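The shown structure was predicted, so the numbers you read here are calculated from the model rather than taken from an experiment.
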Amino acid sequence: GKKRYDREFLLGFQFIPASI
Amino acid sequence: PEIVKPEHYIKHPLQNRWALWFFKNDKNKTWQANLRLISKFDTVEDFWALYNHIQLCSNLISGCDYSLFKDGIEPMWEDEKNKRGGRWLLTLSKQQRKTDLDRIWLETLLCLIGEAFDEHSDDACGAVVNVRNKGDKIAIWTTDCENRESITYIGRIYKERLGLPPKVVIGYQSHTDTATKSGSTTKNKYVV
């Protein structure tokens, strides 16, 4: 299926540092 | 040993790979020479890494553009995916640069990378912001100006996502009409 992301989900990653 | 779950190290893939372009107006160069590819990304995390690294639109000087397009589509009318298309255009007042420009541009980006237009997301090619002293513009470009169903669907969702009240009307214009207009305004092919 399509990878759809709503705005809250996307915004939740703004200030999470890039992973290990 | 501690087991790290995949969701903690696998980045979240986007449906599409996107390319961010920057245009800076230098009258001594051709239009194409003023257009530069900044970077491409295809995960949520890489989008933010790029977004957080670059200037906000409101900090750019007049004459600059950002464009975000699907990988393989160049941010110009001439591209095969754009030449029969058009754009939903938002024209901002001078005052809105301080209050709305950055918010609307980010919302536009999130609509695109999150595939907000459901089955019509395939019709969306990209978006452009023009920073201009006379008034900034933001537009979502779609691939086929005759595809009324997709265009109006995209327009309705976009308007909803921007929180525009029903009395505010936004217009869609074909690139052909924009390129061949004689005055300063282009006729709307669709409105929502």
Side-chain angles (χ1 to χ4, degrees), chain A, chain B residues 1-18 39 41-54 56 68 70-71 102-124 150 153-154 157-163:
Chain A
K2 270 210 162 112
K3 294 176 191 74
R4 298 191 57 228
Y5 300 115
D6 64 25
R7 70 186 303 279
E8 284 70 28
F9 182 87
L10 293 169
L11 285 167
F13 286 88
Q14 182 169 13
F15 300 112
I16 294 177
S19 50
I20 54 175
Chain B
E2 187 183 349
I3 295 183
V4 182
K5 294 177 182 171
E7 59 263 34
H8 293 143
Y9 60 84
I10 296 176
K11 293 193 263 193
H12 294 75
L14 300 171
Q15 177 68 32
N16 284 287
R17 173 174 284 120
W18 297 87
S39 186
F41 58 87
D42 60 6
T43 67
V44 177
E45 287 82 351
D46 290 345
F47 163 71
W48 286 118
L50 177 58
Y51 179 84
N52 291 336
H53 182 72
I54 60 174
L56 291 170
L68 184 79
K70 286 174 181 166
D71 188 20
D102 295 327
R103 177 183 66 79
I104 293 176
W105 177 241
L106 177 57
E107 197 64 38
T108 305
L109 298 177
L110 298 183
C111 283
L112 289 174
I113 68 170
E115 308 285 328
F117 309 119
D118 302 304
E119 69 270 30
H120 299 294
S121 287
D122 289 345
D123 265 51
S150 280
Y153 190 91
I154 289 169
I157 297 279
Y158 188 39
K159 198 174 154 180
E160 192 182 299
R161 285 282 297 257
L162 298 179

With a 4.0 Å cut-off, would you call Lys2(A) and Asp122(B) a salt bridge?
yes
CG-CD distance between Leu10(A) and Glu45(B), expressed to the nearest 0.5 angstrom
10.0 Å
Side chain proximity check, Leu14(B) to Tyr5(A), heavy atoms < 4.5 angstrom:
yes
Working to the nearest 0.5 angstrom, can you tell me the gap between Glu107(B) CD and Leu11(A) CG?
7.5 Å
Taking C-beta and beyond as the side chain, do Arg4(A) and Asp118(B) meet within less than 4.5 Å on heavy atoms?
yes
With rounding to the nearest 0.5 angstrom, report the CZ to CG distance, Arg7(A) to Leu106(B).
7.5 Å
For Trp48(B) and Gly12(A), indicate whether the former's side chain and the latter's backbone hold a donor-acceptor pair under 3.5 Å.
no
Residue Tyr51(B) versus chain A: region with a heavy atom under 4.5 Å
side chain
Check whether any side-chain N or O of Asn52(B) sits under 3.5 Å from a backbone N or O of Gln14(A) as a donor-acceptor pair, and report yes or no.
yes
